[in-house]
Protein chains: 2
Amino acid sequence: MAVPEGVPELPTGPGIDPACPLAAFPFQVGGKWTGMVLVALADGPQRFSSLRQALGSVTAKVLTQTLRDMARDGLVTRLDRQENPPHVEYGLTDLGRSLTPVIEAMRAWSDRHLAELLVHRERNGDLAVDR
Amino acid sequence: MAVPEGVPELPTGPGIDPACPLAAFPFQVGGKWTGMVLVALADGPQRFSSLRQALGSVTAKVLTQTLRDMARDGLVTRLDRQENPPHVEYGLTDLGRSLTPVIEAMRAWSDRHLAELLVHRERNGDLAVDR
DNA sequence: CGGCATCCTATGAGATACTG
DNA sequence: CAGTATCTCATAGGATGCCG
């Protein structure tokens with residue numbers, strides 16, 4: 001529980017830098033997808049579906065919830081173009097962008113130390129036998 | 001869910017800097033207590049009970065699990081002095097210490113931007129009506 | 001396309017009681 | 001003192017199906 005999920009199966013979807021170290025960061029930022037959304041939107045606004053592809057295996061429902069919560073907290077903006085078919089764009093607010101250094105710190109850590117953590121974990125086995 | 005818990009009721013136990021900004025960081029690092037453990041051990045090893053007091057409201061069971069997972073991942077060491085009454089000390093490994101910059105980034109963020117996030121959240125109400 | 005509505009399950013985490 | 005052992009509960013998050 002120190003680390004919610006095994007890294008190997010973490011969602012490094014195409015769209016995001018395939019080797020994105022953040023995807024491998026074993027500590028979550030907010031919800032499971034919050035950190036990835038911040039990264040994905042760092043280079044500019046994205047549409048819902050585009051974002052969804054970038055994140056890989058997230059379901060529409062979960063992504064919607066993540067974005068709603070982030071919007072509530074003032075981290076992302078939601079721009080509905082009122083078109084048909086629907087066209088909604090999400091982008092970072094200044095507040096959302098202010099988290100960049102944190103994300104970067106995580107990214108840097110993963111680059112340098114994640115491998116070692118994984119070695120430890122494998123050596124000590126998944127203690128999570130049952131519990 | 002972008003932010004697991006309301007900050008107000010976050011565990012800012014005595015022992016840790018009462019105004020520890022990390023305690024207020026709305027994004028979790030690993031488990032609910034993992035980040036606080038890293039902070040608490042930053043200044044040197046601590047005994048189980050001492051650590052528990054520092055964290056405030058954590059139960060023994062949960063703290064044990066947190067520490068076990070962290071030990072498994074090579075973040076903390078566990079030193080059992082084999083005494084009676086029992087005396088066990090936990091300390092950071094180099095790997096654990098390597099997370100300091102990340103923790104600091106979070107701490108800094110909370111200092112500067114947490115208030116704003118909370119304003120947004122209150123303004124937009126707890127969207128988490130039910131779910 | 002960008003969602004909801006529903007249902008479901010795994011599990012993080014707290015409460016309580018007991019032990020070497 | 002430093003844990004276990006149970007029980008319980010809330011909820012994050014996934015699956016599926018429908019809609020404007």
Side-chain angles (χ1 to χ4, degrees), chain A residues 1-6 9-11 13 26-37 45-71 76-90 126-131, chain B residues 1-6 9-11 13 26-37 45-71 76-90 126-131:
Chain A
M1 143 261 265
V3 172
E5 296 227 333
E9 67 276 43
L10 261 189
F27 303 100
Q28 293 184 15
V29 174
K32 178 171 177 179
W33 303 96
T34 311
M36 301 296 282
V37 168
Q46 297 230 12
R47 301 184 55 169
F48 183 87
S49 47
S50 155
L51 201 46
R52 197 180 158 191
Q53 282 191 327
L55 298 197
S57 56
V58 67
T59 64
K61 176 204 156 198
V62 171
L63 181 55
T64 300
Q65 285 179 352
T66 301
L67 289 169
R68 284 240 248 142
D69 289 337
M70 293 178 75
V76 299
T77 55
R78 181 179 187 278
L79 175 59
D80 189 340
R81 298 196 182 280
Q82 302 282 27
E83 290 174 1
N84 197 316
H87 182 129
V88 183
E89 273 189 10
Y90 292 90
D126 254 21
L127 271 237
V129 218
D130 50 278
R131 297 219 311 275
Chain B
M1 141 263 270
V3 171
E5 297 228 334
E9 66 276 41
L10 262 189
F27 303 100
Q28 293 184 15
V29 175
K32 178 172 180 178
W33 304 97
T34 311
M36 301 296 281
V37 169
Q46 298 232 10
R47 300 183 55 167
F48 183 87
S49 49
S50 155
L51 201 46
R52 198 181 158 189
Q53 282 190 329
L55 298 197
S57 57
V58 67
T59 65
K61 176 204 153 197
V62 172
L63 180 55
T64 300
Q65 284 180 353
T66 302
L67 289 169
R68 282 238 249 141
D69 289 336
M70 292 178 75
V76 298
T77 55
R78 181 180 186 277
L79 175 59
D80 189 341
R81 298 198 182 279
Q82 302 282 28
E83 290 173 2
N84 197 318
H87 182 128
V88 184
E89 273 189 11
Y90 292 90
D126 255 21
L127 269 237
V129 219
D130 51 280
R131 297 219 310 274

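A note on names: the letters A, B, ... follow the listed sequences, proteins ahead of strands, and every chain is numbered from 1.
Across C:dC1, D:dG14, C:dG2, the shortest atom-to-atom separation from the side chain of A:Trp33 is found for D:dG14. Of the candidate nucleotides C:dA13, D:dA2, D:dG13, D:dA2 has the atom nearest to the side chain of B:Pro86. Relative to the side chain of B:Arg68, the nucleotides C:dG14, D:dT4, C:dG2 differ in distance, and D:dT4 lies closest. When distances are taken from the side chain of A:Pro85 to each of C:dA13, C:dC1, D:dA2, the shortest belongs to C:dC1.
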I'd like to know whether A:Ser57 forms a side chain to side chain contact (heavy atoms under 4.5 Å, CB included) with A:Trp33, so could you lay out the CA-CA distance, the side-chain angles of the two residues, the decisive distance to 0.1 Å, and finally the verdict.
CA-CA 10 Å; A:Ser57 56; A:Trp33 303 96; 3.7 Å; yes
Verify side chain to side chain contact (heavy atoms under 4.5 Å, CB included) between B:Leu67 and B:Arg78, making sure each step is shown before the conclusion.
CA-CA 9 Å; B:Leu67 289 169; B:Arg78 181 180 186 277; over 6 Å; no
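Across the protein-nucleic acid pair, B:Gln46 atom CD and D:dG3 atom C1' stand 18 Å apart, rounded to whole Å. A:Asn84 has its CG atom 8 Å from the C1' atom of C:dC1, to the nearest Å. In this structure, CG of B:Leu67 is placed 17 Å from P of D:dC1, rounded to the nearest angstrom. What separates CG of B:Leu63 from P of C:dG12 is a distance of 16 Å, to the nearest Å. Separating the CD atom of A:Gln28 from the P atom of D:dT11 is a distance of 17 Å, rounded to the nearest angstrom. One atom, CD of A:Gln65, and another, P of C:dT6, lie 14 Å apart when rounded to the nearest Å. When the C1' atom of D:dG3 is taken as reference, atom NE2 of B:His87 falls 15 Å away, rounded to whole Å. Distance CZ (A:Arg78) to C1' (C:dC4): 12 Å, rounded to an integer number of Å.
Within the structure, every side-chain polar atom (N or O) of B:Tyr90 is placed at least 4.0 Å from both OP1 and OP2 of D:dC1. Regarding contacts with the backbone of D:dA2, a side-chain N or O of B:Ser49 is found under 4.0 angstrom from either OP1 or OP2.
Inter-residue side-chain proximity for B:Gln28 and A:Gln28 is flagged as unmet; no heavy-atom pair is nearer than 4.5 Å.
Among the heavy atoms of the strands, none lies under 4.0 Å from B:Arg81. Residue-level contact check: B:Arg47 touches the backbone only, with heavy atoms under 4.0 Å from sugar-phosphate atoms and none from bases.
On a pure distance criterion of 3.5 Å, a polar donor-acceptor pair joins the side chain of B:Lys61 and the base of C:dG14.
With rounding to the nearest 0.5 angstrom, the OG1 atom of A:Thr66 is 10.5 Å from the OH atom of A:Tyr90.
Not one N or O on the side chain of A:Arg52 forms a donor-acceptor pair closer than 3.5 Å with the backbone of A:Thr59.
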